[in-house]
Amino acid sequence: MTALHDAWTAHLETVRWFGGKGSGARVVHLEPLAWWTPPDADPAVRSEIATLEDPRGRTEHYQFLVAHHGGAAPDGATVLGADPDTGAAITDATTDLVALAAFVAATAPDFAGVPVGVWAGEQSNTTLTLGDTDLYKLFRKVEPGPNLDTEVLVALSGGAVPEVRHRLVGDWPAGTLTDLGNICERIAGATDGWVLATRACADERDFADEAHALGVALRAVHDQLRDAFGEQTASGDVLAGVMGERLDAALDAAPQLAEHADALRARFDALRGSELRTQRVHGDFHLGQTLASPAGWTIIDFEGEPAKTAAERRAFDSVWRDVAGMTRSFDYARSAHADPSGPGATRWADRAREGFLQGYCEGTTQAAVLTAYETDKAVYEVLYELRNRPDWVDIPLRAVSDTGSGHHPATHHPSMTDHRNTEHSNTEQSKER
Ligand SMILES: Nc1ncnc2c1ncn2[C@@H]1O[C@H](COP(=O)(O)OP(=O)(O)O)[C@@H](O)[C@H]1O
Ligand SMILES: O=P(O)(O)O[C@H]1O[C@H](CO)[C@@H](O[C@H]2O[C@H](CO)[C@@H](O)[C@H](O)[C@H]2O)[C@H](O)[C@H]1O
């Protein structure tokens, strides 16, 4: 380990985008890629792929953007050391506006000279602002090959998703083209759907119209995804089996689920005997993945659930996975209300859900399938909250116990038609989707 490795290891504990803070993970290797900037440029900027190893020997890779300055580093830039050969000051280029301007000019000449800033919001990547109209997203945790989000946005090319203007690709590992970032359209005047929905719920302001429009947007994106990547069918028995296995795995970490396990499994078993159409989906659709703007709803972050492997996140699934993600999110939004379980918050969430389902499929919901996916999502959320926000675990646990006691809204909602086991058994398929 070198002094530079140690300096980066210490720096990582201070940056927002590093997900392993406090885990004891250390930088054990730095692999420099080719300079982005032309020869002899000062500052010179390149990406380096860091290998991080935690105390249990598990490794992961992060992209660092690094600048070398012949002279002094600019004020405000984080200096990590000096190059032993040239003496150049080495900075974290994402803290170094001079280096960022050079990086943008070198990698995206169309944007040379556009004012560059660093996005201040909470996020797991690093986003640069390019004027008011574009965002340059630098991926932090990287895996070889195409980035899932970029792949989807490029294939969909606009509509209810941001348009990608440029793709930053590196040769890593040598011989593999790996997405390291992209420039995409910055949605003007956007507000996060979670912020809007929780404010509305707290004030008991009806959200049904907004939710309806969101359902329409999701449906359009699903149609685009199907056109771009195709569709298949999957056996309901297999899907129920996978959900049951996820529950089994969750029971180890969340013993609170045990008393509801039989009832939850019965929900999954309702899928058995059916064939479901599957396709590429969002995979982790919730209010925080939506932006409302004067232009309508935009859906972002097609990365799937963070705990899944890239192959799992690319796998086809039923569109009801995304529908369930959003209906669960309306249930979460109740937490912003002064009395989350009272009649005001419950009515708010029911109305949002009804509006969303009407927008998505005009109420021709497959109730049993939706309930199975909502149950699977709630089990995932229990685990997610225990690991990340233990104070929030009661929110999905409430859904788990409602489901277990048969009080889940999906079982008695007026807009719901139960098309159990009929997805492939009639000629109305396209209307039922
Ligand atoms: N194209 C966009 N236009 C406007 N704001 C955006 C756009 N993409 C993301 N954002 C904002 O940035 C935040 C973080 O974006 P996200 O893609 O979820 O980052 P990360 O994947 O790094 O966590 C979002 O919640 C949203 O507020
Ligand atoms: O946004 P990510 O892809 O990182 O998704 C993960 O974190 C989400 C929380 O930020 C989590 O979503 C859960 O909490 C939301 C409120 O904060 C709520 O709207 C969602 O319905 C709920 O699932 C998501 O599950 C997780 O994968």
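First listed ligand is number 1; within each ligand, the first listed atom is number 1.
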Heavy-atom proximity to atom 10 (N) of ligand 1, picking from Thr133, Val164, Leu291, points to Leu291
Quick note on ligand 1: atoms under 4.0 Å from a heavy atom of Trp119 include exactly 5 (N), 11 (C), 12 (O)
Honestly, for Leu135 the part within reach of ligand 1 (heavy atoms, under 4.0 Å) is side chain
Atoms of ligand 1 under 4.0 Å from any heavy atom of Arg186, numbered from 1 in the order shown, are 3 (N)
Quick note on ligand 1: atoms under 4.0 Å from a heavy atom of Ile300 include exactly 9 (C), 24 (C)
Q) Charged N to carboxylate O under 4.0 angstrom, Asp350 versus Arg347? A) no
Per-atom filter on ligand 1: closer than 4.0 angstrom to a heavy atom of Asp192 are 25 (O)
In ligand 1, the atoms that come under 4.0 Å of a heavy atom of Pro162 are 1 (N)
Residue pairs meeting salt bridge (Lys or Arg N to Asp or Glu O under 4.0 Å), one or both in residues 281-295, sequence neighbours left out, come to Asp284-Lys377
Check: Does the distance from a Lys or Arg side-chain N to an Asp or Glu carboxylate O, for Arg26 and Glu53, drop under 4.0 Å?
Finding: no
For Asn125, does its backbone N or O pair with a side-chain atom of Arg140 as donor and acceptor, under 3.5 Å? no
Taking only non-hydrogen atoms of Lys137 and a 4.0 Å limit, the atoms of ligand 1 in range are 16 (P), 17 (O), 19 (O), 21 (O)
Thinking salt bridges, do Arg313 and Glu303 make one under a 4.0 Å N-O criterion? yes
Next on the checklist: Keeping Thr127 on the side-chain end and Tyr136 on the backbone end, is there a donor-acceptor pair under 3.5 Å?
Outcome noted: no
Thinking salt bridges, do Arg389 and Asp391 make one under a 4.0 Å N-O criterion? no
(message) Would you say that Phe139 contacts Thr150 through its side chain, given a criterion of any heavy-atom pair below 4.5 Å between the two side chains?
(response) yes
- prompt: Does Glu374 reach the main-chain N or O of Ala324 with its side chain, forming a donor-acceptor pair under 3.5 Å?
  reply: no
Residue pairs passing the ring-ring contact (aromatic ring centres under 6.0 Å, His included) test with at least one member in residues 226-249, sequence neighbours excluded, are none
In terms of its nearest heavy atom to atom 20 (P) of ligand 1, the top option of Ala190, Ser124, Gly193 is Ser124
Quick note on ligand 1: atoms under 4.0 Å from a heavy atom of Asn125 include exactly 20 (P), 21 (O), 22 (O)
Quick note, salt bridge (Lys or Arg N to Asp or Glu O under 4.0 Å) partners involving residues 149-166, not counting sequence neighbours, are Asp134-Arg165, Glu151-Arg280, Glu151-Arg314, Glu163-Arg165
List, pair by pair, the atoms of ligand 2 and of the protein that are both N or O and lie under 3.5 Å apart, giving the separation rounded to 0.1 Å.
from     : atom 1 : to     : atom 2 : distance (Å)
ligand 2 : 1 (O)  : His286 : NE2    : 3.1
ligand 2 : 3 (O)  : Asp284 : OD2    : 2.9
ligand 2 : 3 (O)  : Gln289 : NE2    : 3.3
ligand 2 : 5 (O)  : Asp284 : OD2    : 2.9
ligand 2 : 5 (O)  : His286 : NE2    : 3.4
ligand 2 : 7 (O)  : Tyr384 : OH     : 2.9
ligand 2 : 14 (O) : Arg389 : NH2    : 2.9
ligand 2 : 17 (O) : Arg389 : NH1    : 3.1
ligand 2 : 17 (O) : Arg389 : NH2    : 3.3
ligand 2 : 19 (O) : Ser329 : OG     : 2.6
ligand 2 : 21 (O) : Ser329 : OG     : 3.2
ligand 2 : 23 (O) : Glu381 : OE2    : 2.6
ligand 2 : 27 (O) : Asp284 : OD1    : 3.3
ligand 2 : 27 (O) : Asp284 : OD2    : 2.8
ligand 2 : 27 (O) : Tyr380 : OH     : 2.5

